Each structure stands twice: as C-alpha cells, then as structure tokens.
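All figures in this text were calculated on a predicted structure; none of them were measured in a lab. Just so you know, these numbers use all the heavy atoms, side chains as well, and skip hydrogens, waters and symmetry mates.
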Amino acid sequence: MNKAETMTATPSNAAAEAPAAAAITLIEAITQALAYEMRNDDTVLVLGEDVGVNGGVFRATAGLQQQFGPERVLDTPLDETTIAGLTVGLASQGMKPVAEAQFDGFMYPMVDHIVCHAARFRYRTRGRLTCPMVLRVPWGGGIRAPEHHSEANEAIFTNVPGLRVVMPSSPARAYGLLLAAIREPDPVIFFEPKRIYRQYKEVVPDDGEALPLDVCYVLRDGSDVTLVTWGAQVKETLEAADKLAGEGISAEVIDVATLRPLDFATIAESVSRTGRCVIVHEAPKTAGFGAEIAARLAEESMYDLLAPVERVTGYDTHIPLFRLEMKYLPGVDRIVAAAKRALANG
Amino acid sequence: MNKAETMTATPSNAAAEAPAAAAITLIEAITQALAYEMRNDDTVLVLGEDVGVNGGVFRATAGLQQQFGPERVLDTPLDETTIAGLTVGLASQGMKPVAEAQFDGFMYPMVDHIVCHAARFRYRTRGRLTCPMVLRVPWGGGIRAPEHHSEANEAIFTNVPGLRVVMPSSPARAYGLLLAAIREPDPVIFFEPKRIYRQYKEVVPDDGEALPLDVCYVLRDGSDVTLVTWGAQVKETLEAADKLAGEGISAEVIDVATLRPLDFATIAESVSRTGRCVIVHEAPKTAGFGAEIAARLAEESMYDLLAPVERVTGYDTHIPLFRLEMKYLPGVDRIVAAAKRALANG
Amino acid sequence: MTVAAKFEIEYLQYLDPQGKPIGKLPPAFEDPKTLLPLFKQMLFVRTFDDKAIRLQRTGKLGTYAACLGHEATHVGIGASMQEADVFAPSYREYGAQFMRGVQAREILLYWGGDERGNDFAVPRHDYAWSVPISTQCLHAAGAALAFKLRGQKQLAVACCGDGGSSKTDFYAALNSAGAYQLPLILCVVNNGWAISVPRSAQTGAQTLAQKGLAGGLHCLQVDGNDLIAVLEGMRRAAERARNGEGGSVIEFMTYRLHDHTTADDARRYRDDAEVKDAWTRDPMVRLRNYLTAQKLWSEDEEKAWAEECARKVDVEINAYLETPVQPVEAMFDYLYADPPADLLEQREAAIRREGRA
Amino acid sequence: MTVAAKFEIEYLQYLDPQGKPIGKLPPAFEDPKTLLPLFKQMLFVRTFDDKAIRLQRTGKLGTYAACLGHEATHVGIGASMQEADVFAPSYREYGAQFMRGVQAREILLYWGGDERGNDFAVPRHDYAWSVPISTQCLHAAGAALAFKLRGQKQLAVACCGDGGSSKTDFYAALNSAGAYQLPLILCVVNNGWAISVPRSAQTGAQTLAQKGLAGGLHCLQVDGNDLIAVLEGMRRAAERARNGEGGSVIEFMTYRLHDHTTADDARRYRDDAEVKDAWTRDPMVRLRNYLTAQKLWSEDEEKAWAEECARKVDVEINAYLETPVQPVEAMFDYLYADPPADLLEQREAAIRREGRA
Ligand SMILES: Cc1ncc(C[n+]2csc(CCOP(=O)(O)OP(=O)(O)O)c2C)c(N)n1
Ligand SMILES: Cc1ncc(C[n+]2csc(CCOP(=O)(O)OP(=O)(O)O)c2C)c(N)n1
Ligand SMILES: [Mg+2]
Ligand SMILES: [Mg+2]
C-alpha cells in the first residue's frame, strides 16, 4: 500500500453517517477510532485481557463487544505470550488484529513474537506472509498505580527493523494515528500515554481521516530553542514553553508522535533555525530514544547547533512506586532549566 | 561489594595451582573463566540448553559437567522463559547462576524475567533480595548460521536500569570480564561475539584476575580520529585503522567492552584530542547503542568535535540469511570511508 | 484399546458449607484445638482487609487487592510451611504472609506506594509481591532447585490465580518442577475470576489441578473454603516434596467476594446472584460453625477477638501513615550494590533539585 | 476418595516393526493401495534428505536439519491435511511439506541462506520454517482462531519436537486451543532427543501426549514409525477439529536417526547402541514389508523408484545451485510495504557500494 492509500479518507457513506462531533478525551478518541475501523473493515478485531464485557481496564474498548459481538472483541486467557502469538497468527491469515497489552510493564513476554515474527514475516517470506497488526499499550507513569504499571519502555522496540512505533499525545492524534496504524500493512506498536488519557477534551470528528505515520508535529512555533518530546511529557513541555515565553524565550515544541520511522527532517529544520535542542522523555536517559535524536543532530545538524544538545529524561533507575514517582519524571522546571542552559551556552 | 573487592585477585592457593598459560581462543577463555570461578566459589553453577554432556553448541561449557558434576552444570528443559525464571530464582536464594542463551535470537523470551525481576530485585526489596546472575549470549552475525542465529540485539537491554551489559572482544578481556561478571553482585548480560570465538589465540593466564566492568579499552592510540566499537567489529575497526595508517591517518581505536555502565570519559578524552569520532556497530543504526555514544558527544563534547559524528552500522533491516549477510555487516571499507569523511569535514 | 497413560485427580473436602464434617476428618484434626489459632488469624485477615479497603476509599492508600473470601486458603497455605521454606506470593495472600511473619504495616506501605513494604523484617528470604502474573512460580521453582542442589529439605510454595494458571510462566514452573523433581508446591487459588474474565474462559480443562499432569506432577483439587481440606492438601504435597518425591499442583476452589482490586468495579461483568451464592460458602462461617459446635468458640469470644483485631490493625495503620516518604535518593540507592559514576551524578542532581545540598 | 477428574490416553499402533499387522486395521486401510503413493513419498523424502546432507558436507549448503527416521510421521501428517488447511512446521518436516506442495529447491534455498526459500510457490498460506522453537504452535493457534471466527471448516496443524513440548509457546497454544475450542492439531514429534538433551530430561510427564490435558484437549499417543497409526491418529483429530469439537495433542513416537543437524555430532552424547536399536524400528522397513506382503511392492519397483527419486532430487539441487544470489537491495525490499525514506536512502547507499548506480 502506498502512502496515498494509507491516508485515504473515509468511504463517503461512512462520512455521511458520522455524528456531529463532540469533544472527547484521548482514550475516547481511541475507542472512537477502534469503532470506526471495525465498522468499516470487518477483518479488524480486538483482543486482550478484559477487553470484552469489561471494556478494558482503562475502558478503551468500552462498548465494543456489545456493538460488534464476542467474535470481534475477544477476551484472551491471561498470558501475554498467547496474545502476541495469536495476534501474529491472526494477522498472517487475513485478519487485522488490534491487541491490547494491559499495561506497559506486561508487554515483555510479547517481545519474542513481535521481534522474531511480527517484524519479520514479510521479510522472511519475501512478502508472501505479512503481519498487519497493532499492539496497543497503555504507557508511562504518573497515575499512582502499582509496580509495573508506569513504564516508559519504548526503547525496547525502536531498534527493531520491520516495526513502526507510534505514540499520540492528543485526542485528535490518537484518533488519526490509530486509524493509520490499523490500516498500515505492517506491525505497529501503539503506545498510549495513560497519564493524559483523560487530561483534556478536544473535538475529534469521527470522519475516518487517518494521520500519516511518519511525521513529527510542530505544536508551537518558536525561534530560540527547539523542545522535542513525545507522549505525556508533551503537556509539561508545552507548559515549559509557556513559562519560557514569560521570560522572553521563544521555544518551538515538537511532538515526535512516530518514533520509528523518525521524521528527523522536521526536527533538523527547527534546529537549523533555533540552534538549540532540548529532548524530553520519561524513559531513563541512557540509550533511551532521545539518544537517537541527539545522535542524528550530532551527525546531520552539527553545524547548526549553537549549544550542546540537552536531554531531560527519567533518571537511569526504575520509576519508583507512587510516593516518589513525580520526582522521577521530568517536569516543567527541569525542562525550563535545560532550555536556559542551552541558551546560556554557545 | 565495592570495586576493590570485585577486582580482588585470586585466593593465593588457586593462583598457586594455576597451570602454565597457553595461548587460547576467546571461547576457550570463556571456558577457562567458568572453570576458574566454579573451582573457587561453589555457589557458581551453569545452566542452559545442551550445556551439560554436550558442552554447549559452541563448546563454551565443554568439560565442565565432567569436572563439576551434573549438580553444577545443568541442562534445562527447552524453554528460555524457564531458564531466565529459574536463574532469577536461584540467584535470589544464594546461588550464582551463569545461564546460557543458546543464541542471541533465542533470548527474547528471557526479557521479561530480566527486566521485571533480575534488574529489580535489589531495588524492589530495598536490598533484601538480590540477583547476582550472568546471562551469557553468543552474539552477532557472520558465521553462516541459520535465521535467528546472527542478531545484534544489545539495544534491548541498554536502556534497562539495574543491568550491566558487557561484550568482550579478545580472549583476555573475555576471561577477565566474565570473572568480573560472575563476581558482580548484580545481573550482567554478557554478550559473546561468536564470529571471533576462534579468530585468534592469546596467552591468558588462569590467574583469576578480573577486569573492571566499567571501563573502555583503548586498543590503539591515534590522534586524527577516534573509532569506537565493540564486539566482533573490533577486528574490522583495527584493520581499518591499519589501512588508515597506510594513508597517513592516525586512528585511535576504543573497544567499549562494557556498554552499561558506559565509560564515556575515555571516549570523551580521546575525542577531545582527535575532534572526530566514528562509531561502529553491527546492530541496526536507528536507536542502536551507538546513538547513546553519539548523544553523549552531542551533549558533552560538542565543543571538541571538529566534524559531525559518523555511525557505521548494520542497516535498518534484519540481518539477511547468510548468502547476503556480509553485505549487511559494516566492514573495513565502510569504516575507512567514514573516517575519511570525518577528516574531510570540519 | 491400548492405554498409554491413566490419571485420576482427587478432590478434598471435609466440612460442608455449614461446617458439618463430611465423613472422617484426617488424623491431624482429631484434636480440633489446633484449628483455633488459624481461625483467629482468618478473622484478623478479614479485619485487616476491610480496613485496608476503607483506607483506600478515603484516599490514604493506593490501589489495593482485597482477599475477601480467600482467608481459609491463604491462612492454610501459610500455616503449612516451615520457617526455612520459601513463599512466593502473587499480590493478595496476606493470610499466608501473616503466618510467615510479614507485618500489616509492610503490606500497607507497599500498596501505599513505598518500596520499603517489600523489605520484610521477617521472613527475609520470601519473595516480594509479584505483579507480573505467575512469574513468581518460576522464581519459586528456582528456589526449589537451589534447595535440591544444596540437599536441603526445604520447599518452595508459590501462589497464583485461576487466571495465572494460563500464564506461560506457570506452565514453565510445573514443567521444570517435573523435569528436576523439585520440592515445589504450586497453589492455584481458583477464585472464579481473573478481573472480568471467568474461569471458564481461561482454559478448556475440566480442573486447573490437572495442569500438573503436563509436568508429571502430583495433582489435587481441594475445597479452598474448607480450612481442613486446605491443610490436608498442603500436608500431603509438603510431605511428598520433603521426601524428594517432587512437586504438586493444588487447585483451591474459592471465590473472590470483592472487586478484583479497589480500582475495579465487578458489577460491570458479574451477577450479584453469583456473589450472593458464593457468600453461602464463606470460609469463616464454615469454620466458626464447626468450632462452635466443638465448644471451642462462642459469640462472646468472637466479639472480644474482633475488637482486638481492630485495635491491632489500627496500630499497624498508624505505623503506616506515620512512615515518612523516602528521600529522593532512595530511588538511586538500591539499584546496584556498586552504583556507576553517572548514576551517582544523577543522584546528586536529584538531591540538589530538592533544595538540599 | 472423591474424584475430580479422570483421564486415559490411548496409544495407536497397527503394524509391528516387521510390518505385520497387530490386530485389525482401521477401515480406511482395508484397501492398502492408498498407502502406496505415501510410501513412495517417504522414499523420495529419504533420498532428498540423504542428498541434502551430502550437499552440506561438500560445502554447497549451510547447516541442514535432516529428517532421517521421521518419514512416516511427516508424510502421514502432510497427507492428512486438506489444501485450505494451514501447516506450521518447525524445521525438518519436509515430508509433510512435500505433500503440501513445497518444492525441494525451496527447502535447499532456505538452508542455503536465501530467504526466497520461504516464498513457497505452493502453498501460499502455510507458515515458513520456524527456528524459534514452538513459536509456530501459537501462530497455528491464531490461524485456527481466524478459521473459527470466519466460520471456515479449515484446520491448523503445527509440528514441534519433544524438546519443543517444553517450550512455553507450546503450552500457550494448547491453552488457547482449549479456551477457544480451536480446530488445531499440535503434533509433537517425539524423536527422543532435543539436540543433546534426552526426552527424559525435558519433563516428568509419562507421555508428551498428556500435556494436552492441561488445556482440556483430546490427547493421543501414536507409533510415529507406523504410517497407518499416524494417518489414523490424524484422521481422528482432524475429524474432531472439523466438527467443532476442538483441538488435539498427538505425540508421535519416532527417533532421530541422524545428528541433530549437520552442525551437530551426536556421538558426543548418545550411545551407538541406542541408535542401532532405533534402526530396527525404521518406518521404511515396516511399510515396505507390509506392502511387499500385500503384493503391492517389490524390490524391482523399489530400485526403479529410487533411481527416479535420485533424478528428481538432482533436478531440484541443480535448480537450487543455479539460483543466483539476491541483489543487495533484497535486504531492504521486503521489510515494509511502504518503506520509510531513511531506509530507502540506506538502500541506495548499499547499491552504490556494490558499484552499481
Ligand atoms: C503479566 C500480567 N498481565 C496482566 C496483569 C494485569 N492483571 C492483574 S491481576 C489480573 C487478573 C489475575 O487473575 P487471577 O490470576 O485469577 O488472580 P486473582 O486476581 O483472581 O487473585 C490481571 C490480568 C498483570 N498483573 N500481569
Ligand atoms: C527458542 C529456541 N531455543 C533454542 C533453539 C536451539 N535449538 C534448535 S533445535 C533445538 C532442539 C529441538 O529439539 P526438539 O524440539 O526435540 O526437536 P528436534 O530437533 O528433535 O526435531 C534447539 C535447542 C531454538 N532454535 N529456539
Ligand atoms: Mg482469580
Ligand atoms: Mg526431538
């Protein structure tokens, strides 16, 4: 499928049916996208733990089993290896499964089937078998949850050829990127920043319009420093930009949105104007995905950089249980401080 | 345990027993280290598939079961989840298990126990339970092996707090680093570049001397460009340095050896002198561990860099089956070309 | 027809739901007095559970996994272990843990978002709660392997749920227990539900006990609301294990009378009628009736003990509430025995951000 | 004693090692002529296998996993499937694959280090060889789930080894087959060894067939050197699956007469005596004797067919040897349907490095 097709708009009858748009949260946008695509493509099915009657522990699949029946929305036995393996099996035989990992910390047993099979079916068989699947993963910290419910582990997948790794940070992007992910003929790991599942509402027309899967979004224009981030830290980063503006510093804010493949051109273009870059992410610093962005800058934007690149990230330790977790996560102050350092230097 | 202890020399009686040193290969050095430590610490045991009578598919454990008995060298049922889980269980109850993953491509089912448990036991229990274990992994491509036998997947672990990630590239470093890994009170992922298992021999005295687990090795001094690499590519990188020398270019070669924690100081010091850095690794480029080194340079050595950082790596695709694999791996020519680019720029 | 193999799985129950003995009790229970401290422990557990739920409801605790209805199974499992044995819980076996010496304040600290809750003063070698389902089963197998290799007569006991018995780690544990003949008891606490997924959706197997056949283990199904059956089942399995006869899978039939956790609302997916029916098999009622019939227990004694339990739990709650938050450096100080230099720099930076030097 | 559940596992064998019927054959074999093409296929497989090993020994093939001794099991499995069914092999079931239409040259290409060996001309929907042990079992379960959800009467068949039956993926497959009542047949080809590890070290279970009980599946153990038993076992399982009665685990008792692969040396870990003894149960001998006794086969016919097999295999070998290496861009061209821009740049660079524009 080429990019044009991936982004094709709604079949016109579906568009006609679309109800008047109401403001919805990020998680409601997920549900809306799932329902849209299930209506329009009967090979799409949803599977995971508690996704059926219960509608998922975060309610992402609320109402879907009632609407589409237990043959389209399947509760699985409690085993992530099972979910991953069945998903690969379904995808390779004409279905488009959208699997859910209940939490980030429970996806590790899925790594084998994703890396060894989902990411390789097309390659291994020279295109004979493919694996069009989406793995949805509620991701990240900050919701006062128990252990293993707060992890930023995207780096496990960003070095794996054959995958796409996506992370929306607004209701509209959640809707458009999830539609694109489902329509994508190759496997997509779709991280959902759970801390902002219900952070704010936004009008997201249920028009079936997908967003491109290889584009970074400039959320705010600026000229002094480029702040690059993804997931829930988009919130703090935008707040930091506000704060910097209050001090007369103009910060550009980029939501990476799709980590793999990375739209480095958008970042490079911004840095060519600002000369300064602060990368913000929740995951631990060392060998987090921020490293790749900094590396690309060191390779391709060195002559544009007026100051050393800065990374504002989780510390190189596990995210603590919730009494301390907010001290682990990067926050507005650390972002502001890094931006000022970048401006003070060079 | 502090660093001094980690590096403590042999108990004198063992040293006395040490046989006259003969030249050995990297894999023989592994065997020698395992045998040394099993003699000197009876909590050390070896487990994995075919590690017993068969001595491992690469013969790393050859003779150990005969020497130490089936209670110290255990064949496991054929399941990597089992190996990882049992290893964590053993380690947390007073044993020092050295587990083997038969090949890099079979370690993915181990990720869950390593990330969720091995890397966290100390943290989770505030030091009450710990996980002193080593996972040995024959690693990388270039041996004309079947699918899944040639992977450079170190990036799966380098973002994980609580782990150490080590990769020797010579018989002496294999011996010294494996001893250190076994003595280390925290979990170590020990990648063994299988392509150079039998590449050359070197005299490695069986003296029980461990090497530090947080040090990069400068293998060759140079003043024009710094070549940073690890694993089997050390061979090609040294050859590239030779070739560059032939053209009057003086290349410093650094073997990272321990990826996590990274001894960035050694790299930074070198780049402060050369102003140019080429990072070489087998793994796919995007979000490979080379990104972290480039990122550190972009953060901490920007003012030293006279030219953009270069990465010479595997392509962002799977390593092909063996008819094409040597075209996938970085090689002398690509390294030389990158070094020259670095010198031409800036 | 040539038969390659034949199996039978035994079911144990000694008291009916009203507490009346069904047939002869096992010899160990000829003197029912031994049951009294366990019954009192069960009451303590129920008091603790109830107060922990309330604490969560008032915002003073994080998500909490209640154990309402599991008291006989949990206390019975804990009571069947020796000090040197190793216990690997999932996340709601407080009854077993109290028997092993874990303190209520530790449990609260853990669910209160503080890692120190895992630093049990006693027992030092038991595993912490295990959130990733059934992974603890393999750690217990590893512990059992350590015991076996060292020639120690200890055993390892792991608990998982009915849902947890679908997890590949559970299968891996029973497979290795069989392969190495390990002193391991895998306790499947079948409470009917895995969050919203009923037992019937987890597997096509008639019983969860029979999963042990896959590894050649001893299999048993017991009434998990009948403390005597629990103790007798565990006794048999422990005896086998200590005698070097290998591992067991025991399925304890009980019921989750509460929501999955305080973050769950079970009304979304299960009938009130089913819950009501399950209350008729409440493990407390059964044992209370039996002990009362044996003249070992009375309403007055219950009232007095209930009050004492409440007092004891309140002491624990206060100890929990008064525990100050860990300093920021705690997130760095337990990661490595020998922390790398970069990490120490991050630690210093974090302390500086607190306004401390 | 109250019994919670009871099981019996049947064992199927119809021909003794000398090819004499033991009792009555299943109705389908009243006319033994149906066996003839399968016997010829088995002979073809053996010829292929032998020539592939030699090819490897002379450096013209990479590591190769021989199937010597498995012919009855593999051919019988393949023969029991319909075209629309899906087969998920491990890495040595050539006999089954030939029955499904896979070409010998494809097998050679794969072991010769060329991905095009996985691009079967026929059957398009079967799975490729699966190196990560038993992961294919779960893919087959997923395929079976797809069939079931679409209301198709197809079935999925996966093969794994005795070692593979220890793998958590195998357990996950049987667990989900039971939970969803899937049309899935899990064939455990028990050839006694997993590289150097004997069947006895994999599990404490008496039979590997009984592992199916863990998921409530139909379980059967069959003599895998007896083609009739293999076919009858598969027939029963396939009938159940197509009737919506769910999945089966069948254990095929056979023996690995060769090294694990050409990279292995079995003399390191197993007795010659054991191998010698296993040869007395050679599946070829058994069927040959039977068909000869039925006057359906003769030495002359065998000689002629053997020569034809050799010729056919040589054609395939030549086709393999003459297949040119893929161009360097092949490593980029099948990764994504819609390759990212950076990857296309790397592709161009790789082509340039070849000295091509
Ligand atoms: C690997 C993993 N997947 C998912 C979860 C989320 N989760 C927590 S408890 C639970 C259900 C467990 O059910 P069961 O095993 O029956 O135990 P119970 O809670 O009933 O005691 C699930 C799915 C988890 N903790 N770990
Ligand atoms: C996950 C995984 N671990 C290890 C291996 C290495 N390996 C290849 S074949 C094999 C033994 C398989 O034995 P069995 O399942 O009995 O099948 P057989 O080879 O006897 O047909 C092993 C350990 C692998 N391919 N995949
Ligand atoms: Mg349950
Ligand atoms: Mg085998």
Stepwise, does the side chain to side chain contact (heavy atoms under 4.5 Å, CB included) test hold for A:V88 with A:L86?
-> CA-CA 5 Å; A:V88 169; A:L86 290 180; over 6 Å; no

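Interface residue A:Y328: backbone and side-chain heavy atoms are both found under 4.5 Å from chain C. Interface remark: A:F106 contributes side-chain atoms only to the contact with chain C (heavy atom separation under 4.5 Å). Neither the backbone nor the side chain of A:Q65 has a heavy atom closer than 4.5 Å to any heavy atom of chain C. Contacts of A:D75 with chain C are made by side-chain atoms alone, with heavy-atom separations under 4.5 Å and no backbone atom involved. Heavy atoms of C:R347 lying under 4.5 Å from chain A are absent altogether. When heavy atoms are compared at a cutoff of 4.5 Å, C:Y110 approaches chain A by way of both its backbone and its side chain. Looking at C:R116, only its side chain comes within 4.5 Å of chain A, counting heavy atoms on both sides. Heavy atoms closer than 4.5 Å to chain A are found in both the backbone and the side chain of C:A350. Of the atoms belonging to C:P340, not a single heavy atom falls under 4.5 Å from chain A. Heavy-atom distances place the backbone of C:A201, and not its side chain, under 4.5 Å from chain A. The parts of A:P320 that come within reach of chain C are both its backbone and its side chain, each placing non-hydrogen atoms under 4.5 angstrom from that chain.
The aromatic rings of C:H70 and C:H74 lie parallel to each other, with less than 30° between the two planes, well short of the 60° mark. Ring geometry for C:H139 versus C:Y127: interplanar angle of 30 to 60°, hence tilted. Below 30°, between 30° and 60°, or above 60°: for C:Y64 and C:F48 the angle between ring planes is above 60°, a perpendicular geometry.
Contact count against chain C (heavy-atom pairs under 4.5 Å) is highest for A:D50 among A:D50, A:T317, A:T76. Ranked by heavy-atom pairs under 4.5 Å with chain C, the first of A:D316, A:V53, A:T81 is A:D316. Interface summary for chain A: among C:V328, C:T168, C:T63, the most heavy-atom pairs under 4.5 angstrom belong to C:T168.
Neither side chain, A:H149 nor A:R144, offers a donor N or O lying under 3.5 Å from an acceptor on the other.
Side-chain atoms of A:P77 and C:K167, non-hydrogen and from C-beta on, never get closer than 4.5 Å to each other. Residues C:I195 and A:N54 are in side-chain contact: their nearest non-hydrogen atoms beyond the backbone lie under 4.5 Å apart. Between A:D79 and A:P109 there is no side-chain heavy-atom pair separated by less than 4.5 Å. Residues A:E154 and A:W139 meet the side-chain proximity criterion, which asks for heavy atoms closer than 4.5 Å.
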